[in-house]
Amino acid sequence: MRNEEVIRVLNAIGDLLEIKGETRFRVNAYRDAARQIEGLAEDLNSVAAEGRLRTIPGVGEAIAAKLQELLETGKLAYFERLKTEVPETLLVLLQVPGLGPRKIKLLYETLGVKGIDDLRAALVDGRVATLPGMGAKSIENLKREVERYEQRGSRSPLGSALPIVQEMMALLRERAGPAILQMEEAGSVRRRRDTIGDLDILVASDDAARVLDAFVGLPMVQEVIGHGDTKASVLGPRGQQIDLRVVPPDSWGAALQYFTGSKAHNVRLREMAVRKGWRLNEYGLYESASDRKLAGSDEAGIYAAFGLPWIPPTLREDNGEIEAGLAGRLPRLVQATDMRGDLHSHSTWSDGQASIEEMWAAARAKGYEYLALTDHSQSLGVANGLSLDRLREQREIVAAMNQRGEGPRLLLGVELEIRADGSLDFPDEVLAELDIVVASVHSGFSQPRDKMTARLVAAALNPHVDIIGHPTGRLIGRRDSYDVDVDALIDVCSRTGTALEINSHPARLDLDDVHARRAMELGCWLAIDTDAHAPDHFDLLPYGIATAQRAWVTPERVLNSLSLPDLRAHLDARCQTGGRG
DNA sequence: GCCGTTTTCGGCCCGACTGTTTTCAGTCG
């Protein structure tokens, strides 16, 4: 059983217990455990085999025993029994805004409502209106939400959410500029999670009404869901909910901290506050006894009060950042300014949209020291992969361009097919002549785990392969990763010095933050690349950097933060030592 | 159900908003 499945079961138990009316502390215990496992890059099966389940925070005696049973038998008697008491079909109702555990329980027990269709019927024939606490307004809202439920998308990729937020902020500044003292994105967008639920914007102003009026009147607003004195919610172009919250200037820092989250990170801070006799909310940090305000106007001040350095939003997941901060051990995260070049790009020679010259010019505009040209290799027919002859032709063009001695150095490379049978697309003697080799999987996605893992491990073991490209093959929201033991791959790469790519394309972000952090911890090299197929794709690098930051990646472990001489030395050393560099 | 330099028992984050209440329950983030 994969970690995701275990997480699903734990969350379902939490939801079912909540509907059942169980105390929220027990409910939260299951959700906490699920969240902790989400942040765990290791395979739970290995953790269990080594008797380390109890070392996972939030996993105590009872949950450890349940995990053990689930992993060993694929089933959990407790869960099965729970489902006979509370039907699992009720869980979808939790997705309907306005419906929580108490109302769902009421609907189920008095009306026998077990799902969306039951709910719609009971709304239409008036039975819901007979329930206590269900007035005309509630019925109207529920009817609307049930209709909206059908067309509601799931979380959006960061790559579509962030541009919307940025465009809205730009327009808002045009229309309400003088009233806006500070403005920033908040929530998971600011933390740069790979997918985003609701989009959040925060503004500091003395004239909230003016800002909110301008916001609900923006052209991309499809529908206004709520419009109060300090907050408004709208539906954006693709039906995403966008919330704007306006706070007074002296609460800016506290509000930004509060609305950036994550929830788990905030809960930790508020617990720390309580232990110190303080109270933390979106208006500020207060001494409980005297109500004296200790901090609130700027974010760093809040953290400073706890003896913490300012914690970058990308780290705020309660995955060790608070402990690290207290100990003065927060990492120096990789930044855009650390990056010296890109090691994965394409031209019209395979499936890119621009010439080598144009790609080189774009890299020069970025101020890069080097650019690796890595067109696809021959087997990838759909992408016009390079034959050996065309690769040789490319070599001459690249050599000629490098003769100029100006701008970024072009490195001749290839994005090498890891073929379905596990073999590589070019022989070793050809690979040996290239500056850089990115090996990737583009075929046989449905192969079983052991076979897929063997393919990738074999590639990583080849001393000429420098980088494993988009190692899990996922396309966010469209295609799951192929079934590969990423842990095993990371383990091999940590020994061979083969870098793992963090592909910056917002549809990929692959490795993801959780696995990249694991790779960091085990001492792997990483390459933060754009996989650019056009000049403006180099602009996607910030997505990869954000993912790396979420993985606690420091610049000294990023291959393309090395200067050209250091990069060359590193690559040469790896070849000479047979990949043990 | 978890957890512990104030505790192995008794705690476990905080406030706003909505709709329905006549003082509050439920939901949300």
**Asked** Do the side-chain N or O atoms of A:N266 get closer than 4.0 angstrom to the phosphate oxygens (OP1, OP2) of B:dC13?
**Response** no
Atom CG of A:D200 and atom P of B:dG29 are separated, to the nearest Å, by 9 Å
Say you pick atom C1' in B:dT27 and the same atom in B:dT20; how far apart are they, in whole Å? 13 Å
Mind checking A:N28 for me? I need base, sugar-phosphate or nothing, with any heavy atom below 4.0 Å counting as a touch. nothing
Discussion item. Work out how far the P atom of B:dA16 is from that of B:dT7, and round it to whole angstrom.
Written reply: 33 Å
Reading nucleotides 17-26 of chain B from 5' to 3' and marking B where a protein heavy atom lies under 4.0 Å of the base, S where only the sugar-phosphate is that close, and - otherwise, the string is S-SS-----S
#### Entry: Nearest-Å distance once atom C1' is located in both B:dG19 and B:dG10
35 Å
Margin query: In whole Å, measure the gap between the C1' atoms of B:dT6 and B:dG15 for me.
Written below: 28 Å
| Are A:R550 and A:D512 close enough for a salt bridge, meaning some N to O gap below 4.0 Å? | no
B:dG15 -> Watson-Crick or G-U wobble partner, both distances under 3.5 Å, gives B:dC28
Quick note, ring pair (Phe, Tyr, Trp, His ring centres under 6.0 Å) partners involving residues 215-267 of chain A, not counting sequence neighbours, are A:H265-A:Y303
In this structure, CD of A:E42 is separated from CD1 of A:I37 (nearest 0.5 Å) by 12.0 Å
May I ask you to say whether A:R31 pairs ionically with A:E18, meaning some side-chain N is under 4.0 Å from a carboxylate O? yes
A:Q257 CD to B:dC14 P, in whole Å, measures 13 Å
Rounded to the nearest 0.5 Å, the CD1 atom of A:I196 sits from the CD atom of A:Q240 at a distance of 11.0 Å
Classify the side chain of A:Y258 versus the base of B:dG29 as yes if they form a donor-acceptor pair under 3.5 Å and no if they do not.
-> yes
Quick check: do A:D207 and A:V211 have side-chain heavy atoms less than 4.5 Å from each other? no
So what does A:R268 hit on the nucleic acid, given a heavy-atom distance under 4.0 Å: a base, only sugar-phosphate, or nothing?
nothing
Contact list (N/O, under 3.5 angstrom) for nucleotides 1-5 of chain B vs protein:
unit_1, atom_1, unit_2, atom_2, d
B:dG1, OP1, A:Y30, OH, 3.3
B:dG1, OP2, A:R26, NE, 3.3
B:dG1, OP2, A:R26, NH2, 3.2
B:dC2, OP1, A:G60, N, 2.7
B:dC2, OP1, A:G60, O, 3.4
B:dC2, OP1, A:I63, N, 3.1
B:dC2, OP2, A:A62, N, 3.4
B:dC3, OP1, A:G58, N, 2.8

With a 4.0 Å cut-off on N to O distance, would you call A:R192 and A:D513 a salt bridge? no
| message | Does this structure show an ion pair linking A:D213 with A:R210, if we count only N-O contacts that are shorter than 4.0 Å? | response | no
If we take the P atom in both B:dT5 and B:dG1, what is their distance in whole Å?
23 Å
*Any side-chain heavy atom of A:L16 sitting closer than 4.5 Å to one from A:K20?*
no
**Asked** When rounded to the nearest Å, what value does the distance between P atoms of B:dT8 and B:dT18 take?
**Response** 44 Å
Task: Same-atom distance (C1') from B:dC12 to B:dC17, integer angstrom - done: 25 Å
message = For A:R24, I'd like to know if atom CZ has over 12 heavy atoms of other residues, nucleotides or ligands within 6.0 Å.
response = no
Taken to the nearest whole Å, CD1/A:I225 to C1'/B:dC28 is 13 Å
Work out how far the P atom of B:dG26 is from that of B:dT21, and round it to whole angstrom.
13 Å
